[in-house]
Amino acid sequence: MARACFTLHVKPDKLDEYRRVHEEVWPEMLDALRKHGWSNYSLFLRDDGLLIGYCDTDNFDAAVAGMQDEPVNQRWQESVKDLFVELSGDAADTSMRVLPEVFHLD
């Protein structure tokens, strides 16, 4: 199982809303993430809006790609897209900047 870490940036005036929507992630969204290999998934949000995501998955690119065909993901991405500072893709999940791992203590 590989680890993946990525960044995004939440608008500073949308931090509370971002936190709020993640207090009650839709059960169907959670099921879809699991179905496509996302596990041990965490999000960390700094007060300036820097968002760090982490997950374990066999193949991060495949996990992201698998979500693209999920109607629940399309609804989720539409509902949160205005919370982010400029997205490079059509949605947050296609705009994630993956960070290369440089060290791991097992």
Side-chain angles (χ1 to χ4, degrees):
M1 177 106 11
R3 292 174 299 280
C5 183
F6 60 86
T7 65
L8 287 162
H9 203 97
V10 177
K11 293 176 182 175
D13 62 333
K14 301 290 186 178
L15 298 177
D16 289 339
E17 185 176 352
Y18 186 85
R19 288 181 182 104
R20 193 168 36 257
V21 299
H22 284 85
E23 288 173 2
E24 297 183 23
V25 176
W26 308 331
E28 313 93 279
M29 183 64 168
L30 299 174
D31 291 343
L33 287 163
R34 288 183 188 103
K35 173 183 168 184
H36 292 287
W38 297 70
S39 66
N40 198 27
Y41 183 19
S42 296
L43 295 170
F44 303 88
L45 183 60
R46 204 165 65 180
D47 287 342
D48 65 357
L50 178 64
L51 179 72
I52 304 289
Y54 170 89
C55 72
D56 293 331
T57 185
D58 290 330
N59 182 323
F60 186 71
D61 292 335
V64 172
M67 291 298 290
Q68 300 312 298
D69 294 329
E70 293 287 343
V72 68
N73 184 54
Q74 294 164 12
R75 290 192 313 274
W76 180 269
Q77 296 305 321
E78 182 65 26
S79 75
V80 299
K81 72 178 182 179
D82 293 332
L83 304 180
F84 293 94
V85 173
E86 57 187 80
L87 297 174
S88 60
D90 294 333
D93 66 344
T94 56
S95 299
M96 297 180 289
R97 294 187 185 109
V98 178
L99 303 174
E101 183 176 55
V102 296
F103 174 78
H104 175 75
L105 175 65
D106 197 18

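By convention here, the first residue in the shown sequence is residue 1.
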Under 3.5 Å, side-chain donor or acceptor atoms of residues 38-49 against the rest of the protein: list the pairs with distances, not counting sequence neighbours.
from	atom 1	to	atom 2	distance (Å)
Trp38	NE1	Ala63	O	3.2
Ser39	OG	Asp56	O	3.1
Asn40	ND2	Asp56	OD2	3.0
Arg46	NE	Asp48	OD1	3.0
Arg46	NE	Asp48	OD2	3.3
Arg46	NH2	Asp48	OD2	2.7
Asp48	OD1	Leu50	N	3.1

Evaluate the side-chain contact (heavy atoms from CB on, under 4.5 Å) criterion for residues Phe6 and Ile52: first the C-alpha distance (whole Å), next the side-chain angles of each, then the deciding distance (0.1 Å), finally the verdict.
CA-CA 6 Å; Phe6 60 86; Ile52 304 289; over 6 Å; no

Could you give the distance from SG (Cys55) to CE (Met1), rounded to the nearest 0.5 Å?
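One finds 9.5 Å between SG of Cys55 and CE of Met1.
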
What residues, two or more places apart in sequence or in another chain, satisfy side chain to side chain contact (heavy atoms under 4.5 Å, CB included) together with Asp61?
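Asp61 satisfies side chain to side chain contact (heavy atoms under 4.5 Å, CB included) with Asn59 only.
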
Of the non-hydrogen atoms in Ser88 and Thr94, which two are nearest, and what is the gap between them?
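In this case the closest contact between Ser88 and Thr94 is OG-O, 4.4 Å.
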
Would you say that more than 12 heavy atoms from the other residues, nucleotides or ligands in this model lie under 6.0 Å from the CD of Glu24, or not?
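For Glu24, atom CD is not crowded (no more than 12 foreign heavy atoms under 6.0 Å).
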
With a cut-off of 6.0 Å (strictly less than), are more than 12 heavy atoms of other residues, nucleotides or ligands near CZ of Arg97?
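For Arg97, atom CZ is not crowded (no more than 12 foreign heavy atoms under 6.0 Å).
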
N/O donor to acceptor pairs below 3.5 angstrom from side-chain atoms of residues 70-86, sequence neighbours left out:
from	atom 1	to	atom 2	distance (Å)
Glu70	OE2	Lys35	NZ	3.0
Glu70	OE2	His36	NE2	2.8
Asn73	OD1	Gln77	NE2	3.1
Asn73	ND2	Met67	O	3.2
Asn73	ND2	Asp93	OD2	2.8
Gln74	NE2	Gln68	O	2.9
Gln77	OE1	Ala92	N	3.3
Gln77	OE1	Asp93	N	3.3
Glu78	OE1	Lys81	NZ	3.4
Glu78	OE2	Lys81	NZ	3.2
Ser79	OG	Trp76	O	2.7

Measure the shortest side-chain to side-chain distance between Phe60 and Thr57 over non-hydrogen atoms and say whether it is less than 4.5 angstrom.
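Yes, at least one pair of side-chain atoms sits under 4.5 Å.
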
When you group the ILVMFWY residues by side-chain heavy-atom contacts below 4.5 Å and let the links chain together, are [Y] and [X] in the same group?
X     : Y     : result
Leu99 : Leu8  : no
Leu51 : Val98 : yes
Val64 : Val25 : yes

